[in-house]
Amino acid sequence: MTYQTAPKKIYRVTQPEWSKNAVIYQVNTRQFSASGTFKEVTSSLSHICDLGADILWLMPVHPIGEKNRKGKLGSPYAVKDYLDINPEFGNADDFKELVQEAHKRNLKVILDWVPNHSAWDNPLVDTHPHWYARDHHGAFRPSPWWDWSDIIEFDYDQPALREYMINAMGYWVERFDIDGFRCDVAGYVPNDFWHQARVALDAIKPVFMLAEWENRDLHETAFNMTYAWSWNETMHELAHGRCSLDRLRKYYSWNERAWPHSAYRMTFVSNHDKNAWDGTQREQFGDALEAAIVLSVLGEGMPLIHNGQEAGETKRLAFFERDPIEWQPHRIGDLYKALIKIKKSIPALGNGEFGARMIQVPSDCMSQVFSFVRMDEHNKVLIIINFSDALCKVTFNDPILNGTYSKCTLDSNTSHHELSSQSEHLHIEKPVQIDPWGYQVWIAND
């Protein structure tokens with residue numbers, strides 16, 4: 001008997017050329033400025049572009065439910081009307097202008113979409129009550145086990161609900177020319193719905209789809225990118241000394257062997273959930289913050305910048321109230337700019353199949369130092385990160401390291417971010433010294 005291999009094109013989502021080295025930037029319109037409006041986001045598009053971002057992700061723009069509302073202003077994820085705009089942010093013309101001005105700067109705009117649940121006072125509750133899930137008492141229910149008392153869940157066994165939701169998504173693509181969606185708790189909605197939605201939306205225009213979930217099957221026919229939650233959780237534990245460095249290696253092994261290379265994983269050190277409930281980027285990562293950012297940008301995955309990170313993310317933003325970001329020049333913003341410039345200038349650092357896999361470079365400090373190269377036939381980048389509070393003098397033992405490099409001045413003891421004009425030959429017999437929680441980026445010379 002001859003055993004044939006199965007067709008390899010199970011994962012059929014094709015990544016657009018424009019996304020090959022893209023970076024995503026999240027905007028919380030309510031907190032982005034003192035006025036909390038679309039107009040203020042529009043006026044800051046040049047700043048977002050200067051960071052190197054390519055995708056603008058806007059948190060939900062819809063009116064917020066009032067029944068069972070949390071806090072004074074409520075959660076943006078308690079949607080009262082899927083076809084309207086929250087007057088807190090502006091009007092339809094303001095939103096259209098934001099999208100148009102973003103497109104002029106080659107920014108793609110994706111809209112946060114909340115398909116799993118709605119506010120209690122969404123008109124659908126009265127017009128189509130059978131579209132909602134019920135608890136054991138037969139009453140409308142929030143998502144079980146979560147403290148989401150301000151929302152009630154949909155029932156996706158209802159075909160008419162699916163039609164409504166897909167048409168509502170299409171409305172924003174057709175009327176406002178948005179470029180895709182970030183889909184809230186995407187795994188709580190059946191995967192076959194996402195296939196249906198993708199087909200319908202792509203018939204209007206090709207869209208970019210981000211799932212707030214971590215499941216490779218979502219990449220089969222629907223999503224371009226999923227959250228790398230496991231990466232973030234591992235980095236957080238590592239920063240606080242609650243796991244070994246091998247746990248990070250296990251993540252990358254899983255990422256390489258169990259996920260399709262075409263799938264984008266979103267690597268992040270902060271987002272609206274992490275900031276609000278777990279703390280600022282510095283609270284979450286402490287002295288490991290900059291090392292984590294380096295890995296998020298130059299390792300495999302598409303990096304996310306949560307609005308305000310570049311200003312130092314000085315506070316936990318209130319989720320249900322007005323609490324504007326405190327904007328200021330900050331080293332973290334400089335670091336992101338420098339890293340993204342490197343990412344975009346070297347094809348081997350591209351996203352998914354556009355870039356090269358990470359290849360581990362073993363050393364005599366495996367419990368402290370994480371080191372790898374990303375290389376193709378024309379480029380090689382070596383990244384060395386010390387995930388410990390001790391100075392390391394590390395010797396590598398794989399000749400893949402050998403070569404002549406220029407070092408990027410990204411170390412934590414300098415505020416400069418540029419490529420050294422002096423070349424240095426690295427080889428397996430030559431030790432490299434790296435500071436506590438330090439990081440070094442070496443670019444091979446042609």
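All values derive from a computational prediction rather than experimental measurement.
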Please tell me whether Phe370 and Tyr252 form a close aromatic pair, meaning their ring centres lie under 6.0 Å apart.
yes
Ring centroid separation Trp113 to His62 under 6.0 Å
yes
Which residue is it: Gln309, Arg331, Glu310? I am looking for the one with a side-chain hydrogen bond (donor to acceptor under 3.5 Å, both in side chains) to Tyr336.
Gln309
Is there side-chain contact between [X] and [Y], with at least one heavy-atom pair below 4.5 Å?
X: Ile383; Y: Leu295; answer: no
X: Asp179; Y: Trp18; answer: no
X: Ile305; Y: Ile340; answer: yes
X: Asn224; Y: Ser19; answer: no
X: Ile384; Y: Trp442; answer: yes
X: Lys70; Y: Phe319; answer: no
X: Lys343; Y: Asn351; answer: yes
X: Glu290; Y: Ile332; answer: yes

List for me each residue that meets side chain to side chain contact (heavy atoms under 4.5 Å, CB included) alongside Asn271, sequence neighbours excluded, and say none if there are none.
Gln26, Tyr227, Trp229, Phe268, Asp273, Lys274, Leu304
Under-4.0 Å salt bridge between [X] and [Y]:
X: Arg249; Y: Asp246; answer: yes
X: Lys72; Y: Glu321; answer: no
X: Glu300; Y: Arg357; answer: yes
X: Glu66; Y: Lys80; answer: yes
X: Asp192; Y: Arg162; answer: yes
X: Arg134; Y: Asp155; answer: no

What is the minimum heavy-atom distance between [X] and [Y], and which atoms define it?
X: Pro60; Y: Phe89; result: O-CE1, 3.6 Å
X: Asp150; Y: Ser75; result: OD2-CB, 3.5 Å
X: Phe223; Y: Ala186; result: CZ-CB, 4.1 Å

Other residues, nucleotides, ligands: >12 heavy atoms within 6.0 Å of [X] [atom1]:
X: Arg242; atom1: CZ; value: yes
X: Lys344; atom1: NZ; value: yes
X: Lys205; atom1: NZ; value: yes
X: Arg216; atom1: CZ; value: no

Anything under 30° is parallel, anything over 60° is perpendicular, the rest tilted; go ahead and classify [X] against [Y].
X: Phe140; Y: Tyr132; answer: perpendicular
X: Phe176; Y: Trp172; answer: parallel
X: His219; Y: Trp259; answer: perpendicular
X: Trp146; Y: Trp148; answer: parallel

Between Arg374 and Leu298, is there a donor-acceptor pair closer than 3.5 Å when you use the side chain of the first and the backbone of the second?
yes
Side chain Asn167, main chain Glu163, donor-acceptor under 3.5 Å
yes
Please walk me through it: do Glu313 and Thr280 pass side-chain hydrogen bond (donor to acceptor under 3.5 Å, both in side chains)?
CA-CA 6 Å; Glu313 200 176 67; Thr280 66; 5.2 Å; no
Test log, rule side-chain hydrogen bond (donor to acceptor under 3.5 Å, both in side chains), inputs Tyr82 and Ser118
CA-CA 9 Å; Tyr82 286 96; Ser118 80; 5.3 Å; no
Listing, residues 38-45 side-chain donor-acceptor contacts under 3.5 Å, not counting sequence neighbours, or none:
from  : atom 1 : to    : atom 2 : distance (Å)
Lys39 : NZ     : Asp94 : OD1    : 3.3
Thr42 : OG1    : Phe38 : O      : 3.0
Ser43 : OG     : Glu40 : O      : 2.8
Ser44 : OG     : Glu40 : O      : 3.2

Between the side chains of Ser262 and Glu353, is a donor N or O closer than 3.5 angstrom to an acceptor N or O?
no
